[in-house]
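Before I ask anything, here is the structure I am working with.
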Amino acid sequence: MVSGTHRYRFAPSPTGYFHVGGARTALYNWILALQNDGVFVLRIEDTDESRNEPQWTQGIIDALNWIGISASDPHFEGPYFQSAYAEAHTAAAKQLYDGGHAYYCDLTSEQIQERAKAAGKPGYDGFSRERGLGPGSGRVLRFKVPGGNTVVHDEVRGRVEFDNATIEDFVLMRGNGTPVFILANVVDDIAMKITHVVRAEEHLPNTPKQQLLWEALGVAPPVWAHVPVLVNEQRKKLSKRRDKVALEQYRAEGVVADAMVNYLMTLGWAPTGETEIVDFTTITRDFKLGSVNHSSAFFDVKKLNAFNGEYLRKMSLDEFVGVCEPWLTGVGVPWSGAQTAPSVPWPVERFNRAVFLRIAPHVQTRVALLSEVPAMVDFLFLADAPIDTAAFDKAFAADWARSSLRTMREQFVTTTWSAESLKTIVEGVGASIDVKLGKLQAPLRVATTGRSVGPPLFESLVVLGRDETLRRIDIALARAG
RNA sequence: GCUCCCAUCGUCUAGCGGCCUAGGACACAGCCCUCUCAAGGCUGCGGCACGGGUUCAAAUCCCGUUGGGAGUGCCA
């Protein structure tokens, strides 16, 4: 086993928004580094020039920072850029070639396919192994896979054995002289003294190749750990193309970091105890690679949202108001990169923090996502009630609707402007015409808030104010005809 | 096709040979609470893929079947 400092790494390629699966893998590595007082190395694998965009790198750093993996933490190292290590990759390739572990091949992929077809076996058949070709333009460098077996010792899966005969002589250097992922990855891991490679299960099949490379390079392989992949409803690996996987998107919708981290950690692993809602300290204390599940896990947005709702409700009022702010003002949270800030439904100058503070306790128990907050309080900051036509028509369909609303209005003029007295008035009106409060409040609610659902009505009206309430009732009465 | 991985409620999981009549959470349904909607409380629905072994005893160990998934690029 490894002695000395544990060095973990997270090696994403900057090819798009930050993937939730990547977030989970990063979290595993981070937690392990924290537990062992080790190091979390961030390496940006930017060797495929065709797919890389520089802006994604900052996105990765921002995303990591959001979930608590801070670049300024002493356990954090990097970012390193794979592209900066090209010389080391080339040198390793030469070492492998000189040592007889690799050879050049000039076959095109078409030729390889033809040979495979003729032989009835898929893959490259080692045609150039003994041809003694030297380097040259268009020639790829291939690894000479030795005979025998390769046994991978995996921290989550145990012992996995591969028959080397099933591993073809894979490419190390492209025809244009650039290294491919598998070589660059291993060389970088060696250069960065990585001791533990914790990554998604999709990498398990090429682990024997990497292990062979470590050995050919004369270095003892790291501890491997392959964690199950995250899948969609169809049980397919989460993909950027067809699934909603961008961490930034969940953030923009109002998922808070703690909820995201907690939820991600319940996928493939579970905290001990009765509840799944646990803080990060508990997670870092209890997490064990050995207890990570072996099967893929469905990334369930519904459950994520439920977690988020719990986190929101657990906050103090101040905290809650604080996290709501960006959705109310359009500023406050760094929607970095290509992510656009949410649009606020009212003119910014109409927003009043003190007013929101009064209604906030009632919205706190009613939202799962922060992005749902504006629609719940927009009636307070819009010049007029944002009338939902269908709700309006339905509320005013009853024959008692207009008359009862008029009666309420009359009494609203002189009453004490408190939730209790408003409720008493409405109840009184209801009793006189034998209509239950639940039904009777509908016209009043739609007239003043524009919607059939929302925060408690009387508290809302108190915050709205007497004058505005009366004005909106008049408008609604006129509209109802 | 080949290689590898996987298999407990619909979903995420607890369980690592007897504490299991299989526990929790999300979702769903009902009830309570209630000015709408939530939140909260209670209740319910629902699972060890199948077949063989091993054992006094198997969800737990072994083998097979079936079913999923991943990999199979001069992508990472």
Side-chain angles (χ1 to χ4, degrees), chain A residues 11-15 45-48 50-52 82 105 107-109 112 120-123 138-142 152 154 156-157 160-163 165-168 170-182 184-185 200-208 226 228-229 231 233-237 263 266-277 291 293-300 302-307 309-310 313 362-368 376 391 395 419 422-423 426-427 430 436-442 444-446 449 451-460:
Chain A
S13 55
T15 56
E45 306 218 319
D46 56 350
T47 50
D48 178 10
S50 63
R51 294 204 305 173
N52 290 326
Q82 187 158 73
C105 174
L107 255 43
T108 62
S109 44
I112 292 169
K121 287 181 189 167
R139 292 179 179 178
V140 300
L141 183 68
R142 285 182 179 275
V152 170
D154 190 290
V156 349
R157 280 159 214 279
V160 185
E161 186 169 348
F162 297 83
D163 180 350
T166 64
I167 304 172
E168 64 174 37
F170 53 93
V171 172
L172 260 17
M173 298 287 276
R174 301 189 181 95
N176 65 6
T178 59
V180 302
F181 152 76
I182 197 149
N185 193 267
E201 189 192 359
E202 58 199 283
H203 292 285
L204 186 54
N206 65 43
T207 302
H226 290 89
V229 292
V231 298
E233 223 156 356
Q234 286 73 240
R235 301 247 123 220
K236 303 280 191 209
K237 189 176 76 171
Y263 176 65
T266 65
L267 261 24
W269 178 77
T272 46
E274 281 298 277
T275 176
E276 296 177 305
I277 305 287
S291 55
N293 263 210
H294 296 185
S295 47
S296 53
F298 170 47
F299 184 80
D300 187 352
K302 272 193 184 152
K303 189 158 180 178
L304 201 215
N305 291 350
F307 266 52
E310 285 223 34
R313 273 171 259 128
H362 299 111
V363 342
Q364 192 170 5
T365 57
R366 265 160 261 258
V367 293
M376 200 148 286
L422 292 178
K423 185 181 180 188
V426 176
E427 278 175 335
K436 286 256 173 60
L437 190 52
K439 297 186 80 169
L440 192 65
Q441 55 95 43
L444 210 211
R445 179 183 290 280
V446 178
T449 71
R451 305 169 192 278
S452 57
V453 298
L457 220 210
F458 308 116
E459 282 78 358
S460 296

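Below, read A as the first sequence line, B as the second, and so on, with proteins coming before strands; counting in each chain starts at 1.
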Hits for ring-ring contact (aromatic ring centres under 6.0 Å, His included) against A/Phe170, two or more places apart or cross-chain, chain-then-number order -> A/Phe143
**Q.** Any A/Asn293 side-chain nitrogen or oxygen under 4.0 Å from OP1 or OP2 of B/A14
**A.** yes
For A/Lys303, the side-chain hydrogen bond (donor to acceptor under 3.5 Å, both in side chains) test, sequence neighbours excluded, returns A/Glu276
Readout for nucleotides 28-45 of chain B: B = base within 4.0 Å of protein heavy atom, S = sugar-phosphate only, - = neither; 5' to 3' it is -------BBBBSS-----
Re B/G67: Watson-Crick or G-U wobble partner, both distances kept under 3.5 Å, found to be B/C6
Sub-3.5 Å pairs of nitrogen or oxygen atoms, protein against nucleotides 70-73 of chain B:
unit_1, atom_1, unit_2, atom_2, d
B/A70, OP1, A/Lys237, N, 3.2
B/G71, OP1, A/Lys237, NZ, 2.7

Nearest-nucleotide check on RNA chain B, A/Thr166 vs A/Cys105; residue mapping nearer the 5' end is A/Thr166
The ring-ring contact (aromatic ring centres under 6.0 Å, His included) partners of A/Phe307 (sequence neighbours excluded) come to A/Tyr263
inquiry  = If you go through the side-chain atoms of A/Lys303, does one of them form a donor-acceptor pair with the base of B/A27 closer than 3.5 Å?
reply    = no
When rounded to whole Å, the CH2 to P distance for the pair A/Trp269 and B/G15 reads 11 Å
Work out how far the C1' atom of B/U3 is from that of B/C62, and round it to whole angstrom. 23 Å
When rounded to whole Å, the NE2 to C1' distance for the pair A/His294 and B/C12 reads 16 Å
Practice prompt. Take atom C1' in B/C20 and the same atom in B/U8, then report the distance between them in whole Å.
Written response: 12 Å
side-chain hydrogen bond (donor to acceptor under 3.5 Å, both in side chains) filter on A/Glu201, not counting sequence neighbours, yields none
A/Asp154 meets the side-chain hydrogen bond (donor to acceptor under 3.5 Å, both in side chains) criterion, sequence neighbours left out, with A/His226
Rounded to whole Å, CZ of A/Phe298 lies from C1' of B/U11 at a distance of 7 Å
(Q) Could you tell me how far B/U60 sits from B/A49 if I compare only their P atoms? Round to whole Å. (A) 8 Å
Sorted by chain and residue number, the salt bridge (Lys or Arg N to Asp or Glu O under 4.0 Å) partners of A/Glu310 (sequence neighbours excluded) come out as none
P gap between B/G67 and B/G40, integer Å: 43 Å
A/Glu274 has its side chain closest, among B/G24, B/A7, B/C5, to B/G24
Those residues at least two apart in sequence (or on a different chain) that pass salt bridge (Lys or Arg N to Asp or Glu O under 4.0 Å) with A/Lys237 are A/Glu202
Give me the distance, rounded to whole Å, that separates B/C32 from B/C37 when you measure between the P atoms they each carry. 14 Å
Listed pairs, N/O of protein and of nucleotides 62-67 of chain B, under 3.5 Å:
none

Next on the checklist: Do A/Val453 and A/Arg366 have side chains that approach each other closer than 4.5 Å (heavy atoms only, starting at C-beta)?
Outcome noted: no
Please measure how far the C1' atom in B/G47 lies from the corresponding atom in B/C9, and state the result in whole Å. 4 Å
Item to complete: Provide the distance between the two C1' atoms, one in B/A22 and one in B/G41, to the nearest whole Å.
Response: 25 Å
Paired to B/C48 by Watson-Crick or G-U wobble criteria (both distances under 3.5 Å) is none
Taken to the nearest whole Å, CZ/A/Phe307 to C1'/B/A25 is 7 Å
Item to complete: Taking atom C1' in both B/C5 and B/G10, compute the distance separating them and give it to the nearest angstrom.
Response: 24 Å
By side-chain hydrogen bond (donor to acceptor under 3.5 Å, both in side chains), A/Glu233 pairs with (sequence neighbours left out) none
Hits for salt bridge (Lys or Arg N to Asp or Glu O under 4.0 Å) against A/Arg139, two or more places apart or cross-chain, chain-then-number order -> none
